[in-house]
Amino acid sequence: MQASSHEFGGLPLPVRQGLADGSRQSTAHLRMLPVEIGFLAHHGYPPDALHKAAILASRAGVTPDMFLIKGGYVGESDFYRALAAELALPFTSAPRLSAQARFPDAIMSGLAPSLSGGFVMAPQGSSLAWLLRKRRSMRSPVAVTTPTRLARAVFGTQARRIAYRCANELPDRAPDLSNRDQVSPGQILILSATALLLSFCGGLFPEPTLTALGVALGPLFLSGVTMRLATAMVAKPVKPATQPPRASDASLPVYTVIVALYREKKVVPGLIAALTALDCPPAKLDIKLVLEADDRETPAALAAVRLPAFIEVIVAPSGIPRTKPRALNIALPLARGHFTVVYDAEDVPDPDQLRLAVATFSRLPRNVACLQARLTIDNTDDSWLTRLFTIEYATLFDVFNPGLSEIGSPIALGGTSNHFRTPILKRIFGWDAWNVTEDADLGIRLARLGYLIEDLPSSTNEEAPRTLRAWMHQRTRWMKGYMQTCISHSRQPGRTLSQLRLWRFIGAAVLTLGTVLSALLYPLFTVLTALLWFREPVAAENSEWARLLYSGSLALFVSGVAAVFIPAIVALKRRGLWRLLPWLPVLPVYYVLVSCAAWRGLWELTVAPFRWNKTSHGLARTSRAGLLQKHQARPARTRSLKTEPP
């Protein structure tokens, strides 16, 4: 992805040979230099090297200043100190900003009001070129700083406002689409009345009540069974049938990558290796690592790795709720890319995933807002739990979600490898910071607002929890978030129905309410079916209620078993994981654990609705990607036009 230490994209890099050699540099090259970097020739940088950098920047489709800085050829501080000297302006490494500095406008424009009057600036690209051409028109006191220092100053000045905005922009603008206000009075009334009615009728008329409950929930569960079986019949290979032609670097858009990190020192080297392995020109990468203010171990781990110049670290201001979506919302307003992808700390995406996403978006309608890549478990052999987790993920991401996109249903996104059109993501106010399963919620919200989600046949390796304790914490959070998603999108069911229309409304109900109820009631219905089977033959009974209950339960049980095992077998075939076939009979036990997590999630929903049960990473014992990254990860080395040997 990057040029070698001695070359720009394969072309030799001239170096400064001393003042005598510098006096013999080509004056023709000096005259042809772009204004954004031409001034560097007056500050010790060889014109020949700058000229070749300009050529390569043009080939990559980026401005020369971004090529030099993000490629690591000129340090950010060195560049802006030279700019300040060229403009005869002071350079400040600790800018003090006025309270009028606005987020994100000041950072994106590279211009903010100073506390002492005047402005602090860190121009880039076209604004840098304009400034150098119009330098004599500046009348107010101006100081120069770097984009990184300007961003830190804005965060320091506006910390409280940023924290509030990134948690509350969605609920303030569209309260019916957020979980911040939790259950509405109308929802409380309906839930209370339903619970009271079931308790009263169940005590007096147990069999008719169970039958009525089964009849009421039967359509929802049968719809879920039908959808799972239908998606298993849709042909969606793990890799695209034909690879799109490789696009030129110049035609690629800028791509934003956001990774939220909290106490992730164990996976930092592997994460940086995975990000630097992405097949994209450095100047086209806008990578943002979002850290929490009280995290000490992750910054230390990042300092040990020495980040490439195209990776930016953002420290989120302290605030509530303390969730991953809040961290993502802090980075989103600063996204410069035409597309934005979210990765988790332990992710190892296919190196060509960004290019494939760009090619896929280019042939899809503009209302396709998101592509969901395939998540696959890399530490399968850690434990019996990771083996079952692998089967579950293969079923979900290689069969169910791709099939849902094919039949036009909404999709509950996975928490990572979601590729978005950035303008659309900003338009809908990003993620709901008050939902602990923000991915599923966002998938339903996109569908309600008229957008589509498609499958991206590219893999991202994930690490599964290998202990029951870790797995239960993670799954409890997921199930709690699904319940929060149900709350958010059922406050105004009539409006939700009008937005989604009937078919997509049913799909959304199956993905959210169906997931929650099936997890909560799975043990009850399983026990009920077993009891019915061991009773005397129903045909000999006089109760029509018993016959109806028996036949309905039997139909649901048989179809449910088929919906569990058939998609799983298809998934194992697509992933070539036939060695996990003997573990399929254990899936019913696995789903008992899911039910336990659902009941824990229901309890947490009442006592700690916004608590984020963090999953620890870097604990895998059998991860192939992790072992590879330990050998690949190396500290990033700063390049220099001035001192690097030929």
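Being a predicted model, the structure only gives us computed values, none of them experimental. What's counted below: heavy atoms across the whole structure, side chains too, no hydrogens, waters or symmetry copies. All residue numbers in this chain count up from 1 along the given sequence.
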**Q** Can R336 and E312 be counted as an ion pair, charged N to O under 4.0 angstrom?
**A** no
**Q** Between F420 and F339, does the ring centroid distance fall short of 6.0 Å?
**A** no
**Q** Is it the case that atom CH2 in W384 sees more than 12 heavy atoms from other parts of the structure closer than 6.0 Å?
**A** yes
**Q** So, are R475 and E392 salt-bridged, with charged N and O less than 4.0 Å apart?
**A**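 A salt bridge links R475 with E392.
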**Q** Got more than 12 heavy atoms from elsewhere within 6.0 Å of CD1, I407?
**A**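 Counting neighbours around CD1 of I407, more than 12 heavy atoms of other residues, nucleotides or ligands fall under 6.0 Å, so yes.
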**Q** Which residues pass the salt bridge (Lys or Arg N to Asp or Glu O under 4.0 Å) test with D439, not counting sequence neighbours?
**A**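 Residues passing salt bridge (Lys or Arg N to Asp or Glu O under 4.0 Å) with D439: none at all.
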**Q** Is T422 reaching over with its side chain to a backbone N or O of G337, donor-acceptor style, under 3.5 angstrom?
**A**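 Side chain of T422 to backbone of G337: a pair is present.
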**Q** Any salt bridge linking D350 with R355? Criterion: basic side-chain nitrogen under 4.0 Å from a carboxylate oxygen.
**A** no
**Q** Pair K324, D344 - check salt bridge (charged side-chain N to carboxylate O under 4.0 Å, His left out), show working.
**A** CA-CA 10 Å; K324 172 186 171 183; D344 279 347; 2.8 Å; yes
**Q** Hey, are R322 and E292 close enough for a salt bridge, meaning a charged N less than 4.0 Å from a carboxylate O?
**A**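 Yes, this pair counts.
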**Q** Would you say that more than 12 heavy atoms from the other residues, nucleotides or ligands in this model lie under 6.0 Å from the NZ of K426, or not?
**A**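 Yes.
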**Q** Before giving the answer on side chain to side chain contact (heavy atoms under 4.5 Å, CB included), spell out for D441 and Q484 the whole-Å C-alpha distance, their side-chain angles and the decisive distance to 0.1 Å.
**A** CA-CA 8 Å; D441 169 77; Q484 292 172 333; over 6 Å; no
**Q** Determine, for R246 against D279, whether the closest basic-nitrogen to carboxylate-oxygen distance falls under 4.0 angstrom.
**A**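 Between D279 and R246 there is a salt bridge, with a charged N closer than 4.0 Å to a carboxylate O.
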**Q** Assess whether salt bridge (charged side-chain N to carboxylate O under 4.0 Å, His left out) is satisfied between R165 and D172, documenting all intermediate values.
**A** CA-CA 9 Å; R165 167 184 169 149; D172 284 350; over 6 Å; no
**Q** So that I can tick it off, tell me whether R374 and D455 are bridged by a salt bridge, with the cut-off set at under 4.0 angstrom between side-chain N and carboxylate O.
**A**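 Counted as a salt bridge, because a side-chain N and a carboxylate O are separated by less than 4.0 Å.
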**Q** Can we call the ring centroids of Y590 and W471 under 6.0 Å apart?
**A** yes
**Q** Between T386 and T380, is any side-chain donor less than 3.5 angstrom from a side-chain acceptor?
**A**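 Looking only at side-chain atoms, T380 and T386 do not form any donor-acceptor pair under 3.5 Å.
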**Q** So that I can tick it off, tell me whether R448 and D176 are bridged by a salt bridge, with the cut-off set at under 4.0 angstrom between side-chain N and carboxylate O.
**A**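 Salt bridge: yes.
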**Q** I'd like to know if the side chain of D398 reaches the main chain of T395, judged simply by a donor and an acceptor atom lying under 3.5 Å from each other, with no hydrogens or angles considered.
**A**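 Answer holds: no.
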